[in-house]
Amino acid sequence: MSDVRLRFAPSPTGPLHIGGVRTALYNYLFAKKMGGTFILRIEDTDQGRYVEGAEQYIMDALEWLGLEFDESPVKGGAYGPYRQSERKSLYKQYTDQLIANGKAYYAFDSAEELAEMRSRYEAQGVHSPKYDATTRTSMKNSLTLDEAKVKELVEKGDNVVVRLKLNPDEKVVFHDVVRGEVTFNTSQLDDKVLLKADGMPTYHMANIVDDHLMKISHVVRGEEWLSSTAHHVLLYRALGWEDTMPQFAHLPLILNPTGKGKLSKRAGAKFGFPVFPLSWIGATEEDSFEGFKEFGFNPKATLNFLAFLGWNPGTEQEIFNLDQLVESFSLEQIVKAGARFDIDKAKWYNQQYIIASDEKELLTSVKSQLPENHGYSDAFLTGVVELMKERVVLLPEFTTKGSYFFSPDLEYEEKPIRKKWKEPNIQHVKALFQAVEAMNDWTIEALQDTIKGYITSNELSFGNILPFVRIAVAGTMKGPDIFGMMSILGKEEVSQRLQKGLEIFDEIKNKEAS
C-alpha cells in the first residue's frame, strides 16, 4: 500500500447529494489508481444542523454504489475515531497551541455586537465588512482587552470563540491540480472562527487537524471549498505543518440541465429526475424524494455517468466498469468548467448497462418489482427479461412497459382497430385466431409458421392482419417480438386473450358506428 491517502468527508446534515457522490467517486478512483487508501470521515461538528439518519444514508448510498472504504467509522482503522464529534479533545489541544504562539486569539463578541459592527462599517461605506485586521481592533477580544479581563471572560465561558489571526495584506499562494496556481490576499479574508462557543471546532479547524493526523495526501473536493483553501493553507503554516500539506484538487460544479446554476433539488423536482442516490423520507412531503436506485438506475451505470461529469479519459470510449475507471483515471484530466447534468445521457448509460447485464441479475430486479407471492416462474420471468431488455431504459420498465406480460386487463390501442376492423379482415382474423388456438406445437417457430403461413397463403397484407394479433395479445402495437411474447405467455393465456380481443374489436367498432 502506498502513502497516498484520500478521504471523503461528508457532513450528516441531510441526505448525500449526487454531487457528493461524484466527489466520493473521484477520491476512490484516485486512491485505487495509486494503490492508496480510501477513507470515510464523518464531519459532524455542526451539531445544530445534524440530521438523524443522514450518516446511515451516506453509508448505505456508497455501499449501493460499490464504493468500499478501507477505513471508516464502521470499519475502523489506525487513525480513528472517524467521527469528528469523537475527536473533540484533539481540536482544543491545537487551538491552545495556536493561541500560545500568537497565531489565534479569543473573541467574546455577542451576536448583537457583531451585527452592530457590520452596520457601523457599512454606514462608513465598507462593502460586506468582516472580522479582520481592520475591524478586530474595535471588538471584544484578547487582542484589545487586558490579560486579567481575558482570563475572566474565558473562565466565564460566555460567547468564547477562538479566531485565526491573519496578518494584513499577506499573499497566499497554493497549487491546485485542476486549476493550477491559485492566489489569495489576506485582505480578501476574515479571521475565521476555529473553535465555537460550544467547544466544537469549525469545519476549518477540524478539517486541517484531521487531515494532518490521518496523513491525508490529497484533498479532492468541490469547487465551493476553493475560497476556504487560503485559510487552510494559513492554518497549515500556523501549526508548522506546511511541509506535509496535502495536494489540493477542486472539482467543477455539476450544473442544472439548463447549464445555469449548481444542480439543485428544485431542478430535479422541476424536470422530474433524481438528484440523490437513494430515496429519503423527510419530515414533510417537500423534504422527501426518490433516489437514483428507486428511479430505476443501475449503480454501475450511475457511477459511469457520474465519472464523466467533470472528467474525460481523452478517448472515444464511454462505457467503463469500475476497474476500467480506476485504470484510466487521473486528476490532471479533470476539467475546470462546470459539467451540465444531462438526465438523458444518464438514461442512455443505464440502457447500455441493462442490455449488457446478465439475465439472472435482471431477474432479481424484476422480482423485486412484483408482489411477494407473484406466482411467476423463473423461466417465465427470464423470458420476459430476454424480450424486454433492449426496450427498457429504467429497471421498473420491465413491469411498467411490459405490464401486458403480468396482467390480462389490457388497455387496447383503438386507432388501428377503428381503421382496419372491417370485412374481409374480420373473417380472416377470426379464422387465423381459430388456427392458432388449434395448434399443438407452441414454439416460436411454429407460431411464426402458422400465422405468417395463413397470411401468405391467403394472399393477405401483413399490415391488415398482424396488428390484430399483437393488439389482442398485448393491447398495443408497441412491444417486443409478438411470437416470442405468445410463446412465453403460453397457449391457454394467449387463447383467452385472442377471444377477448375479438370481443373488444367488435365493441370498439360498434361504439364508433353509434
Any luck finding a side-chain donor-acceptor pair between [X] and [Y] under 3.5 Å?
{"X": "Tyr82", "Y": "Glu71", "value": "yes"}
{"X": "Asp70", "Y": "Thr37", "value": "no"}
{"X": "Tyr91", "Y": "Asp210", "value": "yes"}
{"X": "Glu437", "Y": "Gln499", "value": "yes"}

Test item: [X] side-chain N/O and [Y] main-chain N/O as donor-acceptor pair under 3.5 Å:
{"X": "Glu397", "Y": "Leu394", "value": "yes"}
{"X": "Ser487", "Y": "Thr443", "value": "no"}
{"X": "Thr229", "Y": "Leu226", "value": "yes"}
{"X": "Thr456", "Y": "Gly453", "value": "no"}
{"X": "Asn27", "Y": "Phe38", "value": "no"}
{"X": "Lys75", "Y": "Phe69", "value": "yes"}
{"X": "His374", "Y": "Gln369", "value": "no"}
{"X": "Asn256", "Y": "Thr258", "value": "no"}
{"X": "Arg418", "Y": "Ile508", "value": "no"}
{"X": "Lys196", "Y": "Thr45", "value": "yes"}

Measure up the [X] and [Y] rings against each other and bin them: parallel (under 30°), tilted (30 to 60°), perpendicular (over 60°).
{"X": "Trp311", "Y": "Phe308", "value": "perpendicular"}
{"X": "Phe30", "Y": "Phe329", "value": "perpendicular"}
{"X": "Phe505", "Y": "Phe433", "value": "tilted"}
{"X": "Trp280", "Y": "Tyr57", "value": "perpendicular"}
{"X": "Phe380", "Y": "Phe406", "value": "perpendicular"}

Ring center gap for Phe305 and Phe341 short of 6.0 angstrom: yes

Aromatic ring proximity, centroids under 6.0 angstrom, Trp225 and Phe248: no

Heavy-atom count check: over 12 atoms from other residues, nucleotides or ligands less than 6.0 Å from [X] [atom1]?
{"X": "Lys419", "atom1": "NZ", "value": "no"}
{"X": "Glu386", "atom1": "CD", "value": "yes"}
{"X": "Glu52", "atom1": "CD", "value": "no"}

Run the salt-bridge test on [X] and [Y] with the 4.0 Å N-O cut-off and return the result as yes or no.
{"X": "Asp211", "Y": "Arg41", "value": "yes"}
{"X": "Lys367", "Y": "Asp378", "value": "yes"}
{"X": "Lys32", "Y": "Glu68", "value": "no"}

From CA spacing to verdict: salt bridge (charged side-chain N to carboxylate O under 4.0 Å, His left out), Arg179, Glu223: CA-CA 10 Å; Arg179 295 160 198 284; Glu223 180 183 290; 3.1 Å; yes

pair Thr364-Glu361: side-chain heavy atoms closer than 4.5 Å: no

Spacing of Leu309 atom CG and Tyr26 atom OH [to the nearest 0.5 Å]: 6.5 Å

Separation of Glu55 CD from Met59 CE (nearest 0.5 Å): 4.0 Å

Worked check of side-chain contact (heavy atoms from CB on, under 4.5 Å) between Lys265 and Asp287: CA-CA 10 Å; Lys265 184 172 72 172; Asp287 294 329; 4.0 Å; yes

